[in-house]
Visitor: 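Take a look at this one; I'll ask things after.
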Amino acid sequence: MVARETPRIVVSGATGVVGSALLNKIIADNGTDYELFAIVKNQGRFEDLAGLLGERVGMVKPIIADLRAPADLEREALRIGKCRQAVIVHCAADVSWGKTAEQLRPINVEGTMAVAQFAKVIGEKSTLIYVSSAYTRDKNWEYRNGYEETKAEAHRSLKRQCELPTSVFSCSLVVGDRTSGTISAFHGIYPLLKLASGSPPFVVGNPDCLVDIIPVDWTVSELWEMIKRSLEGETDSEVVAAAGDKRITLSDMFAIFNQRINLRRADMGLPEFSETVFVNNRRWEFLKRSMEAWKPEGLSVRDFKHFEMLLSIYRPYTTSDAVRPPCGLVEEAPGVSSYLHNSVDFWLAENATKLESQWLREARRQG
């Protein structure tokens with residue numbers, strides 16, 4: 001079989017925040033110059049991608065495969081055949097901070113190695129770009145959760161076992177487009193925004209802790225530049241897409257949350273939420289033990305358990321600002337204060353019906 005001449009770009013995790021925005025970016029720039037593929041778990045997920053890309057999805061070919069089943073990728077490799085040159089961008093991952101390393105390993109480690117093997121057989125000259133997190137690294141790091149641990153483990157496995165040229169693109173906490181605030185899923189800081197929308201009695205964390213946030217459009221622009229360099233022959237490079245000295249403090253992030261929330265509440269004729277109160281770990285441990293005596297207004301036992309779970313998941317990132325410094329960038333990250341309000345407004349708009357019902361119900365309860 002004759003190998004295809006058109007360069008091939010394959011994106012795993014194509015329905016995710018980075019994967020879907022990356023495909024949009026490639027198509028908008030010069031999509032017809034490449035044979036584009038999206039690895040998705042099933043046909044339903046490809047239909048989800050169509051919802052994200054619109055008519056542009058016609059330029060993307062599906063590869064239906066569960067990354068936990070290597071035989072799926074072996075079958076698809078035979079189906080699509082070999083090309084002269086391919087860049088495989090591995091964005092797929094389980095990003096759940098609340099899961100253990102054992103729960104995450106089948107996707108984040110074993111799935112990564114399955115994609116690497118797939119990349120090896122679909123191109124005469126293949127390059128793998130592994131998308132990781134700026135909040136972890138493969139060595140000399142204290143892992144705060146199973147996600148960081150398994151992303152680093154996959155990186156080490158690639159170093160030991162992958163026979164392909166491999167570059168690494170590590171990004172920090174991704175939020176919406178700088179201008180529109182749009183994003184395909186609400187991970188990262190968004191559960192904290194949801195927490196703020198309910199006016200929690202407090203947040204566990206250091207108000208001066210620095211949070212590294214980057215907009216999705218800037219992120220995929222940097223990733224697209226790395227892909228183009230790979231197509232031109234660059235290998236084994238590294239980019240850390242992080243905000244660096246443009247990070248924002250936890251207190252300033254919550255201040256932006258509250259400002260946008262209070263604007264929405266003012267439109268409804270509701271009073272403003274008060275400024276976020278931060279408590280340290282020691283105080284939080286005392287409050288947990290004192291639940292029966294200390295009954296936060298409007299917080300049921302069930303709500304408290306959810307509140308406790310959320311704070312336990314996010315506490316490492318509200319008390320520790322360990323993150324890798326930016327490197328290999330074409331353009332520095334924009335300042336967070338110039339765009340974060342747009343991401344907050346987009347989330348508020350997407351959840352308007354539920355939030356308004358919640359706020360009005362609470363207002364009636366308080367009389």
Visitor: Can any side-chain N or O of D236 pair as donor or acceptor with the backbone N or O of P165 at less than 3.5 Å?
Guide: no
Visitor: May I ask you to decide whether D72 forms a salt bridge with R75, counting only side-chain N to carboxylate O separations under 4.0 Å?
Guide: yes
Visitor: Can you list every pair that meets salt bridge (charged side-chain N to carboxylate O under 4.0 Å, His left out) and has a residue in residues 51-67, with sequence neighbours left out?
Guide: E35-K61, D66-R68
Visitor: Can you find a pair of side-chain heavy atoms, one from L193 and one from V344, that are under 4.5 Å apart?
Guide: yes
Visitor: Identify whether the distance between the nearest side-chain nitrogen and carboxylate oxygen of E76 and R79 falls below 4.0 Å.
Guide: yes
Visitor: Considering only NZ, NE, NH1 and NH2 on the basic side and carboxylate oxygens on the acidic side, decide whether R229 and E232 come within less than 4.0 Å.
Guide: no
Visitor: Taking only residues two or more places apart in sequence, or in another chain, which ones meet F346 in a ring pair (Phe, Tyr, Trp, His ring centres under 6.0 Å)?
Guide: none
Visitor: Has E275 got more than 12 heavy atoms of other residues, nucleotides or ligands less than 6.0 Å from its CD?
Guide: no
Visitor: With no hydrogens and no angle check, is any side-chain donor or acceptor of S180 less than 3.5 Å from a backbone partner on D177?
Guide: no
Visitor: Is M253 reachable from L263 through a run of I, L, V, M, F, W or Y residues, each pair having side-chain heavy atoms under 4.5 Å apart?
Guide: no
Visitor: How would you list, by chain and number, every residue that makes a side-chain contact (heavy atoms from CB on, under 4.5 Å) with Q43, sequence neighbours excluded?
Guide: F46, E47, I64
Visitor: What do the steps show when you test L36 against I26 for side chain to side chain contact (heavy atoms under 4.5 Å, CB included), and what is the final call?
Guide: CA-CA 9 Å; L36 299 179; I26 296 171; 3.8 Å; yes
Visitor: For a 4.5 angstrom cut-off between non-hydrogen side-chain atoms, does I227 reach L231?
Guide: yes
Visitor: Nearest 0.5 angstrom please: N280 CG to R283 CZ, how far?
Guide: 9.0 Å
Visitor: Just by modelled atom types, is the K82 backbone N or O under 3.5 Å from a matching donor or acceptor in the E124 side chain?
Guide: no
Visitor: Rounded to the nearest 0.5 Å, what separates atom CD1 in I9 from atom OG1 in T127?
Guide: 11.0 Å
Visitor: Please step through side-chain hydrogen bond (donor to acceptor under 3.5 Å, both in side chains) for the pair Y317 and D212, ending with a clear verdict.
Guide: CA-CA 10 Å; Y317 298 99; D212 201 300; over 6 Å; no
Visitor: Can you tell me how far CG of L340 sits from CG of D252, rounded to the nearest 0.5 angstrom?
Guide: 10.5 Å
Visitor: So how far is it from H155 NE2 to S132 OG, rounded to the nearest 0.5 Å?
Guide: 7.5 Å
Visitor: State whether the side chain of S357 and the backbone N or O of T353 hold a donor-acceptor pair below 3.5 Å, judged by distance alone.
Guide: no
Visitor: For the residue pair N258 / T276, report whether a side-chain donor-acceptor contact shorter than 3.5 Å exists.
Guide: yes
Visitor: Please tell me if the side chains of N24 and L22 come closer than 4.5 Å, counting only heavy atoms from C-beta onward.
Guide: no
Visitor: Below 3.5 Å, can you tabulate the donor-acceptor pairs from side chains in residues 326-339 to any protein atom, sequence neighbours excluded?
Guide:
residue: E332; atom: OE1; partner: K246; partner atom: NZ; Å: 2.9
residue: S338; atom: OG; partner: G335; partner atom: O; Å: 2.6
residue: Y339; atom: OH; partner: I213; partner atom: O; Å: 3.1

Visitor: Identify all side-chain donor-acceptor contacts of residues 197-211 below 3.5 Å with residues at least two apart in sequence or on another chain.
Guide:
residue: S197; atom: OG; partner: K194; partner atom: O; Å: 2.6
residue: N206; atom: OD1; partner: D208; partner atom: N; Å: 3.0

Visitor: Name all residues meeting the ring pair (Phe, Tyr, Trp, His ring centres under 6.0 Å) criterion together with W224; count only those two or more places apart in sequence or in a different chain, and write none if there are none.
Guide: Y34
Visitor: Counting only pairs under 3.5 Å, give me each side-chain donor-acceptor contact of residues 112-119, with atom names and distances, residues two or more places apart or in other chains.
Guide:
residue: T112; atom: OG1; partner: H90; partner atom: NE2; Å: 3.0
residue: T112; atom: OG1; partner: N108; partner atom: O; Å: 2.8

Visitor: Could you check if a side-chain atom of F37 sits within less than 4.5 angstrom of a side-chain atom of P62, using non-hydrogen atoms only?
Guide: no
Visitor: By the rule that ILVMFWY residues connect when side-chain heavy atoms come within less than 4.5 angstrom, directly or transitively, which residues belong alongside Y143?
Guide: W141
Visitor: Is a donor on one side and an acceptor on the other found under 3.5 Å between the side chain of S96 and the backbone of G98?
Guide: no
Visitor: How long is the span from the CG atom in D48 to the OG atom in S20, to the nearest 0.5 Å?
Guide: 10.5 Å
Visitor: Please check if the side chain of S170 supplies one atom and the backbone of A134 the other of a donor-acceptor pair under 3.5 Å.
Guide: no
Visitor: Could you list the residues that satisfy side-chain hydrogen bond (donor to acceptor under 3.5 Å, both in side chains) with S133, not counting sequence neighbours?
Guide: none
Visitor: Are any side-chain N or O atoms of Q103 and backbone N or O atoms of T100, one a donor and one an acceptor, separated by less than 3.5 Å?
Guide: yes
Visitor: Within 45 degrees of the axis of the six-membered ring of Y135 and under 6.0 Å from its centre: does R144 put its NZ or CZ there?
Guide: no
Visitor: Could you tell me which residues satisfy ring pair (Phe, Tyr, Trp, His ring centres under 6.0 Å) with F257, sequence neighbours excluded, listed by chain and number?
Guide: F254
Visitor: Quick one, E163 with K120, criterion salt bridge (charged side-chain N to carboxylate O under 4.0 Å, His left out). Give me CA distance, side-chain angles, the key distance, then yes/no.
Guide: CA-CA 8 Å; E163 300 174 5; K120 179 181 175 182; 2.7 Å; yes
Visitor: Assess whether a salt bridge exists between E356 and R361, defined as any Lys/Arg side-chain N lying under 4.0 Å from an Asp/Glu carboxylate O.
Guide: no
Visitor: Report yes if the side chains of L128 and S167 come closer than 4.5 Å at any heavy-atom pair, otherwise no.
Guide: no
Visitor: Taking N351 for the side chain and K354 for the main chain, is one N or O donor matched with an acceptor at less than 3.5 Å?
Guide: no
Visitor: Is the shortest side-chain heavy-atom distance between Y130 and C162 below 4.5 Å?
Guide: no
Visitor: Return the set of residues passing side-chain hydrogen bond (donor to acceptor under 3.5 Å, both in side chains) with D138 (not counting sequence neighbours), or none when no residue passes.
Guide: K159
Visitor: Say whether, by atom type as modelled, one donor and one acceptor occur between the side chain of E362 and the main chain of Q358 under 3.5 angstrom.
Guide: no
Visitor: Test T150 against D94 for side chain to side chain contact (heavy atoms under 4.5 Å, CB included), laying out the working first.
Guide: CA-CA 10 Å; T150 53; D94 188 331; over 6 Å; no
Visitor: Got a sec, which pairs hit salt bridge (charged side-chain N to carboxylate O under 4.0 Å, His left out) with one end in residues 14-26, sequence neighbours left out?
Guide: K25-D29
Visitor: What are the two closest non-hydrogen atoms of I122 and R8, and how far apart are they?
Guide: O-NH1, 3.3 Å
Visitor: Do L52 and L23 land in one hydrophobic cluster if side-chain heavy atoms of ILVMFWY residues count as linked below 4.5 Å?
Guide: no
Visitor: I would like to know whether Y314 and L195 meet side chain to side chain contact (heavy atoms under 4.5 Å, CB included); could you show each step before the answer?
Guide: CA-CA 11 Å; Y314 277 83; L195 178 67; over 6 Å; no
Visitor: Carefully, step by step, assess V11 and I39 under the rule side chain to side chain contact (heavy atoms under 4.5 Å, CB included).
Guide: CA-CA 6 Å; V11 179; I39 300 178; over 6 Å; no
Visitor: What closest approach, in Å, do G233 and K125 show between heavy atoms, and which atom pair accounts for it?
Guide: CA-NZ, 4.4 Å
Visitor: Distance check, rounded to the nearest 0.5 Å: T6 atom OG1 versus D33 atom CG?
Guide: 9.0 Å
Visitor: Within the 4.5 Å heavy-atom criterion, are L173 and I214 side-chain neighbours or not?
Guide: no
Visitor: When you compare the side chain of D321 with that of L250, does any pair of heavy atoms fall below 4.5 Å?
Guide: no
